[in-house]
Amino acid sequence: MQHLIDLDDYPVSWWNRVIALGKDIYTNPGRYKGACSGKVMGTLFYEPSTRTQMSFQTAMLRLGGSLIGFDNPATSSVSKGENLKDTTKIVSGYSDVLVIRHPLEGAAKAAALTAECPVINAGDGGHLHPTQTLTDMLTLTMEKGRLSGLTIGMCGDLLNGRTVHSLCKALSCYPDNKFIFISTPELMVPQYVKDILSSHGCEYKEVSSLEETIPELDVLYMTRIQSERFASVEEYEAQKNVYVLDRKKLNLGKSDLIVLHPLPRVDEITMDVDEDSRALYFKQTKYGVYVRMALVLTMIENKDTVQLLKGDILNSTKCTNPRCITHAEKYLPKSFIKSGDIAECEFCDERILL
Ligand code: NCD
């Protein structure tokens with residue numbers, strides 16, 4: 001059985017197949033009615049969500065399947081102290097596909113280790129969000145007609161925004177994409193993302209002005225400042241409202257610019273922008289349903305097995321990322337990929353100097 005923890009687990013040809021299937025479902029929805037009849041999707045949402053959770057639920061219902069799960073761990077046995085391993089084992093035993101969102105990094109991979117059905121990562125802390133990336137890629141395919149040769153501006157909380165990290169990684173695999181990161185120095189995109197872009201030969205630059213950058217862009221990907229990932233309220237307050245896209249700034253953009261946002265929006269896009277035909281973030285949420293229908297079908301039909309942990313167990317080494325799942329779920333193997341004197345945690349990808 002296969003899981004979707006990170007898009008990197010699959011070749012680009014697999015992503016293209018899922019996106020093409022999403023496009024076909026969007027164009028011919030009637031053909032897929034009942035394709036998951038008799039199947040059950042389990043959803044374990046340990047962290048708040050509107051779009052991701054409901055678009056998965058809508059996807060399964062539109063395919064004729066059924067749903068079980070929770071959206072608030074406080075109302076499940078998690079509140080009695082049940083560990084992730086047991087909850088996953090039980091709910092995956094009731095399901096044909098399991099969708100998990102969790103505040104800790106690496107949680108989806110941890111769940112997949114014991115799951116009895118395919119697991120889909122619906123966001124693990126600030127780490128990855130592969131299904132939002134598939135949504136963004138279907139949106140680009142439908143609205144720009146391509147995934148290559150694009151100048152993409154990413155604006156806002158580029159440090160904590162998992163959707164930004166996943167999307168940059170994915171688009172770096174297509175030719176001639178150029179990235180412009182618009183953020184404050186405190187919320188710059190992590191070094192590991194820049195390393196990936198460099199290793200694929202992608203051009204990128206880091207800038208501070210949204211106004212000066214907009215005229216160059218084919219795509220503007222706005223993000224909210226992730227209040228829940230800040231150490232203090234003061235640090236969050238200093239960052240919020242630094243970048244606000246309004247009608248005046250948007251008017252500096254090309255006529256075929258498209259504005260995307262994974263949502264929820266807080267204050268970073270004024271509401272008058274919604275009326276502009278270039279504002280595609282609400283349409284993007286609709287594409288999310290079709291690409292998730294494609295993904296669910298692909299995962300349920302695929303019977304191949306996947307090896308989740310490939311590295312070495314280093315029992316005396318601790319992951320230095322405080323938000324890594326290995327600290328909360330202590331039974332997890334301390335599994336790292338070693339390269340020279342660097343060990344990379346197999347759950348959250350943190351690199352540790354040995
Ligand atoms: C994003 C997420 O959860 O990471 N939202 C989403 O999936 N639609 C972005 C965010 O929360 O800011």
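Counting starts at 1 for both ligands and their atoms, following the listed order.
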Verify whether the ring centers belonging to Y290 and Y26 lie closer than 6.0 Å. yes
Are S95 and I68 side-chain neighbours, meaning at least one heavy-atom pair lies under 4.5 Å? yes
Basic-acidic side-chain contact under 4.0 Å: K254, D218: yes
For ligand 1, what is the set of protein residues having any non-hydrogen atom at a distance below 4.0 Å? R51, T52, R101, H129, Q132, R162, T163, R224, Q226, P262, L263, P264
Do R31 and D24 meet the salt-bridge criterion of a basic N to acidic O distance under 4.0 Å? yes
If you link ILVMFWY side chains whenever their heavy atoms are less than 4.5 Å apart, which other residues fall into the same cluster as Y281? By chain and number, please. I180, I182, V207, L210, I214, L217, L220, M222, V242, Y243, L245, L250, L252, L257, V259, L263, I269, V273, F282
Just by distance, do the side chain of Q239 and the backbone of I225 share a donor-acceptor pair under 3.5 Å? no
